[in-house]
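Reading through the structure tokens given below for one structure.
In what follows, chains are A, B, ... by sequence order, proteins preceding strands, each numbered from 1. Everything numeric in this text was worked out from a predicted model, so none of it was measured.
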Amino acid sequence: MSHGLEIFDEHGHLVFSTLDITWMQIDQFDVAANASASHDYPEVAGMTIITQLQMVNAPPASQEAYAPEVIVSGTTVSVAPYTSKTSERVIIMVLAQD
Amino acid sequence: MSYGFSAINTSGQVIISDEMENLHFYGKATLSGNDGGDYEDFPGYSGANDTLDGRIIFTYSIVLEPPTGGGGIFVPASPLVFIKPTDYTRWHALLTQSVAADGKTWTFDVITSGLSQSNPPELFCFVNANSTSGATSDHGLIVWKADGYTRTFDSRYRPLAVTAGGSIAPATCPSDDGCPGVSTGHPWNYATLDHDFRSSSQYNSQATNGATYTNLMFSAPSLAQAVYKRQVEGYKYSSSSWGGGQSHWSTAIWWVMYRNTFRIRNGYFDAGWTDYAAGYSFSSNHEGGGWFGGGGGGYSSGTMPYSAKVINQGSNAFMIADSTGFD
């Protein structure tokens with residue numbers, strides 16, 4: 001390419017350039033079972049935020065393994081059990097793209 | 001920003017910044033075993049529609065060692081896991097992710113459709129720059145946050161570039177034959193399954209772009225779960241020549257628990273289902289009186305974890321990346 005940024009590793013292999021697309025990790029946090037959490041990320045105002053929920057434990061043998069509800073509003077990510085439901089322990093990955 | 005560093009790609013997106021952290025390749029998780037596979041059919045039942053897709057659960061681990069020297073503060077991080085199928089006809093998903101008490105040994109359970117212990121998928125683990133360690137190269141690009149000790153980008157560890165991403169949810173009903181239910185009016189002791197519980201044709205798709213699909217890997221944790229059952233109830237009334245009679249009842253239940261799984265194929269990323277557990281039960285009884293005293297019997301293999309429904313159906317974020325160069 002005639003302009004932009006290219007980054008090479010010590011073997012001369014191109015590892016990253018301004019032709020690439022990525023999602024940046026803004027945060028990751030653990031939410032205990034039946035717990036709530038809320039985090040604000042003003043540094044990514046105007047960017048698209050997505051979240052990945054990862055279950056920590058195998059589903060119980062005799063009841064539902066509900067995931068908590070995750071709401072992204074502006075730059076705030078809120079996590080809480082659904083109304084009248086329990087929720088499993090999860091890891092939340094918060095990612096942003098310009 | 002009035003100072004610092006940022007790189008903008010050809011789409012006008014920030015891809016390197018001193019305010020946000022890039023994900024970097026840490027290494028592949030090590031396969032440590034599997035559960036032997038199960039549920040290629042209903043345990044304890046032999047008859048029509050007995051066949052299920054089956055599944056096997058592979059277990060992997062990786063140790064995230066804190067960096068030594070070079071300044072900075074190590075913050076233990078959860079790796080972001082990409083699954084690269086070895087057999088692209090199979091469905092896969094990350095079921096669980098947990099860390100040991102040492103805070104650095106991570107274990108992952110991955111479900112794969114079918115029973116074969118061959119061709120387990122590979123797990124590529126990515127962490128933020130400040131959780132990387134071990135590089136000895138003395139050249140490249142490192143970007144630091146304003147605190148002066150948190151790395152946001154470190155070219156000594158291959159940064160993550162994606163080819164696609166978004167949100168996706170599986171099809172509403174996991175079973176190829178539609179969602180089963182309960183029916184009555186069958187003959188007493190009727191126990192023939194009239195429903196196909198396999199799920200390989202129930203999925204939603206999103207288009208992927210460009211790269212040779214057999215190089216692609218995906219990050220998409222399994223969230224949606226479902227339990228469905230087919231229940232048939234039988235009855236007969238037997239009369240005696242002396243008058244009076246007996247009622248006879250029977251119930252046969254087949255149930256399957258499904259987990260959301262994913263597949264990469266040529267041009268598409270699919271969100272579907274794979275059976276996780278299954279069971280069969282049968283009971284038969286008759287009331288007292290008539291020629292026979294009351295009584296009955298039955299059989300059961302496993303218990304439905306909960307009443308028939310789909311849970312966690314909402315979309316979960318996914319990313320697709322080219323695995324080439326991440327070794």
Would you name the heavy atoms of [X] and [Y] that are closest together and state the gap between them?
X: A:M24; Y: B:N22; answer: CE-OD1, 3.6 Å
X: A:I91; Y: B:Q97; answer: CD1-O, 3.9 Å
X: A:V56; Y: B:T96; answer: O-CB, 3.3 Å
X: A:Q52; Y: B:A220; answer: NE2-N, 4.0 Å
X: B:P305; Y: A:P60; answer: CB-O, 4.4 Å
X: A:M93; Y: B:L80; answer: CG-CD1, 3.8 Å

Counting heavy-atom pairs closer than 4.5 Å to chain B, which one of [options] comes out on top?
options: A:M47, A:H13, A:E43; value: A:M47
options: A:I50, A:L53, A:D27; value: A:L53
options: A:A96, A:A65, A:A61; value: A:A65
options: A:I21, A:L14, A:I26; value: A:I21

Would you check, one step at a time, whether the test side chain to side chain contact (heavy atoms under 4.5 Å, CB included) holds for A:E64 with B:Y306?
CA-CA 6 Å; A:E64 295 89 340; B:Y306 46 83; 3.5 Å; yes

Among B:T152, B:L23, B:V127, the one residue meeting side-chain contact (heavy atoms from CB on, under 4.5 Å) with A:Q25
B:L23

Sub-3.5 Å donor-acceptor pair from the side chain of A:T22 to the main-chain atoms of B:L160, do we have one?
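Such a contact is found between A:T22 side chain and B:L160 backbone.
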
Region of A:I7 in contact with chain B, defined by heavy-atom distances below 4.5 Å:
side chain

Just wondering, do A:D9 and B:S155 contact through their side chains at under 4.5 Å, heavy atoms?
no

Beyond-backbone contact of B:Y276 with A:P59, side-chain heavy atoms, under 4.5 angstrom
yes

When only pairs under 4.5 Å are counted, which of B:I15, B:V14, B:L94, B:I8 shares the most heavy-atom pairs with chain A?
B:I15

Return the option, out of B:S219, B:A7, B:G166, B:G325, with the maximum number of heavy-atom pairs under 4.5 Å with chain A.
B:S219

Where do A:E10 and B:R156 land on the salt bridge (Lys or Arg N to Asp or Glu O under 4.0 Å) test, with the steps shown first?
CA-CA 8 Å; A:E10 59 184 339; B:R156 297 174 300 171; over 6 Å; no

Working for side chain to side chain contact (heavy atoms under 4.5 Å, CB included), residues A:M55 and B:S222
CA-CA 8 Å; A:M55 296 282 200; B:S222 177; over 6 Å; no

Would you check, one step at a time, whether the test side chain to side chain contact (heavy atoms under 4.5 Å, CB included) holds for B:I16 with A:F16?
CA-CA 10 Å; B:I16 304 175; A:F16 208 58; 3.7 Å; yes

